[in-house]
Protein chains: 2
Amino acid sequence: MTLIQLEYIIAVDTYRSFVAAAKKCFVTQPTLSMQIQKLEESIGARIFDRSKQPVVPTDVGVEIIRQARVALMESRKINEIVQLKKGDLEGELRIGVIPTIAPYLLPRVLSGFMQKFPKLQLQIWEYTTEKIIHELKAGLLDCGILSTPVYDAALAERPMFYEPFVAYVASSSDLFQKREVTSEDILADKLWLLTEGHCMRGQVLNICQRKRSMEPEGTFEYNTGSVETLKRMVDVNSGSTILPELSIADFDEDQLCRIRYFQSPEPVREISMVTTHNYLKKQAIDALEKEIIASVPKKFKSKKKKDVVGFD
Amino acid sequence: MTLIQLEYIIAVDTYRSFVAAAKKCFVTQPTLSMQIQKLEESIGARIFDRSKQPVVPTDVGVEIIRQARVALMESRKINEIVQLKKGDLEGELRIGVIPTIAPYLLPRVLSGFMQKFPKLQLQIWEYTTEKIIHELKAGLLDCGILSTPVYDAALAERPMFYEPFVAYVASSSDLFQKREVTSEDILADKLWLLTEGHCMRGQVLNICQRKRSMEPEGTFEYNTGSVETLKRMVDVNSGSTILPELSIADFDEDQLCRIRYFQSPEPVREISMVTTHNYLKKQAIDALEKEIIASVPKKFKSKKKKDVVGFD
DNA sequence: GTCATGTTATCGATAAAATCGATGTAAAGA
DNA sequence: TCTTTACATCGATTTTATCGATAACATGAC
């Protein structure tokens, strides 16, 4: 058994194809096939059922692959130990961030973080929650920054802060007259929503206590994945929307006028650093986590007197 | 990095010598040296300080080796998964047992256990507690059966039963007249003791509340490592000794006459299955554990109304 | 200091392996 | 049925691991 063979079976499991796996491993398909055959022979068990298309792991193969991931992970930690001692993390850090956090949070932390680890190649991927979870499990991402809980036992989530939602209302709206708003107010108003697939859409609907199934009535049907677009819709048209508080950091005075905070307990979303349980690049990820926690307003850090909103 | 390289550095760490490690790995010393050099080069750190004699790991080397043990362990579990699925454990199981347990416990369980795992090569090593702990940590033993607690964070102990101590008294002794004995009685009598290094010696001294430092007065100085010898000494000469209850199982009537049980709470020793935390051959070891628990008298299984005696 | 001894590093040769490109075979889709 | 896609097989080639011999080095005895 060699570590390379373990990498090969993990690649095949990930891509469900010998050809694709070979490409990702930078070897030819016969090489990969041969090595996997040798591994199967040496342990005395078939790992993949090649009669199915696409290939699937056998029963015992599933467990072997799970254990192979663990073994490979532990072997890679040896390199991390060295880098840690040298004090200079190298390699790449692949971060998945949901689109309703990324543009507002990352600019606050990335420059500082990159200065601390100059040799680290940062890769940011803006994905939906679902996609981030999938890629984390497949080992294609190192960590995810997303709204939790995600209720997945394979993942470890470490809450970093609780970001309040705020209402953004057109001056033509009735809500504009109020100093604070409640979820009932929102319900009555016309509401710009993110398109399906964004966890924040679910959270906003939960705030308004609208069921996902029943299409909210007073909602403009304009499918956008961008919080920025929601804001502009309110600016240019009318109605209201709900924004995460970090997104209003660089609003001008005119725009701030249209912000309405929620009555206590204000609705918030829990933002966590999510990894697999036995994760690599711990040093870098833990540092990023600290950097993020330090970068958000103090009042975000406690969830007391707040209403943590789920998205399911 | 290859698994073989990890094996090599672990061997060098274990034997503190390239030559000895090479021998144990069944390769020549240049081969082992080369591979370790390649590993050091690939991770970019020196693992061993060869200027010292015997060789010692560097600071970072210590951590690398610790992690290498983990990685190798996890990779070996892959083979166990296969064997587990086949339902037939192969390979060898190296068991360390202290001499005051081995001859009385093992005959009760080994034949049954070997029938269940016919392909398993059993290796029994009679060692002192100290030696078993050392070999477990070095990975030279798979599990140990010994008296606990041993207070070693690197090891996991799972108590299996609580074995009472009984007194064995010559008919010429005053104690012979009593139906039950107490630790005070023993203190007054002449006592045959095991030689230094046996944990049971410490336990017996603790029962009598004698300090280790002060050499017990009424003790015959005959250094033996065998419980059987203690018994014979009492048989042939006089005085008394303390035996573990399992050792009296095949006593004849005459010998049973000389047994005196302790007054409640009777002194007992805790006998545990000891492994490292992340141990291999789990399947076999767990089965052995069950076999042992099933083989001892029911009354051994609870520690209620008993006085668990340490040996330090 | 010198010598004997034991330990690790280095070297060239050789055996073992991993990999490649070409090709064969079997299954899935048009 | 034909085409396409995917995995297995084969021989050639490159790469790697290992060996035996030897050099370099450290340690302890004298």
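Chain identifiers are assigned alphabetically (A, B, ...) following the order of the sequence lines, protein sequences preceding nucleic acid strands; residue numbering begins at 1 within each chain. Below, all heavy atoms of this structure are taken into account, side chains as well, without hydrogens, waters or symmetry copies.
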* **Side-chain N,O (A/Ser33) to OP1/OP2 (D/dA8) below 4.0 Å** => yes
note: B/Glu40, atom CD; C/dT8, atom P; distance rounded to Å ~ 13 Å
From the candidates D/dC7, C/dA17, C/dT8, the one with an atom nearest any side-chain atom of A/Lys38 is C/dA17
Quiz item: When you check the phosphate oxygens OP1 and OP2 of C/dA27, does a side-chain N or O of A/Ser51 lie under 4.0 Å from one of them?
Solution: no
Between NZ of B/Lys52 and P of D/dC25 the distance, given in whole Å, is 18 Å
ask   = Would you say a side-chain N or O of B/Arg50 is under 4.0 Å from OP1 or OP2 of C/dA9?
value = yes
The side chain to side chain contact (heavy atoms under 4.5 Å, CB included) partner of B/Ile65 among B/Thr14, B/Val70, B/Ile47, B/Val60 is B/Ile47
Closest to the side chain of A/Gln35, out of D/dC7, C/dA18, C/dG21, is C/dA18
Paired with B/Arg69, the side chain to side chain donor-acceptor pair (under 3.5 Å) test is passed by just one of B/Asn278, B/Thr276, B/Asp13, namely B/Asp13
To the nearest angstrom, the CZ-P distance between A/Phe18 and C/dG24 comes to 21 Å
Over 60° means perpendicular and under 30° means parallel, so tell me whether B/Phe113 and B/Phe117 are parallel, tilted or perpendicular. tilted
Result for 5'-nearest mapping on DNA chain C, choosing between A/Gln53 and A/Ile4, is A/Ile4
B/Arg16 CZ to D/dA26 P, in whole Å, measures 20 Å
Testing D/dC19, C/dT10, D/dC10 for proximity to the side chain of A/Pro30, the answer is D/dC10
(message) Distance alone, cut at 3.5 Å: any donor-acceptor contact between the side chains of B/Gln35 and B/Thr31?
(response) no
Base D/dA8 to side chain A/Gln37, donor-acceptor N/O within 3.5 Å cut-off: no
Atom OH of A/Tyr8 and atom C1' of C/dT19 are separated, to the nearest Å, by 8 Å
Separation of D/dA26 atom P from B/Asp49 atom CG, nearest Å, is 11 Å
Rounded to whole Å, CD of B/Gln29 lies from P of D/dA24 at a distance of 15 Å
query: Looking at A/Thr28, does any N or O in its side chain come under 4.0 Å of the phosphate oxygens OP1/OP2 on C/dT19?
result: no
Testing D/dC7, D/dT18, D/dC19 for proximity to the side chain of A/Val55, the answer is D/dC7
Between A/Pro54 and A/Met34, the residue closer to the 5' end of DNA chain D by nearest nucleotide is A/Pro54
Practice item. Under 4.0 Å between any heavy atoms, over every strand shown, what does A/Val27 touch: base, sugar-phosphate, or nothing? Just pick one. Key: sugar-phosphate
Original post:
Is it true that A/Glu92 and A/Lys281 have a side-chain N and a carboxylate O under 4.0 angstrom from each other?
Top reply: no
To the nearest angstrom, the OH-P distance between A/Tyr15 and D/dC7 comes to 15 Å
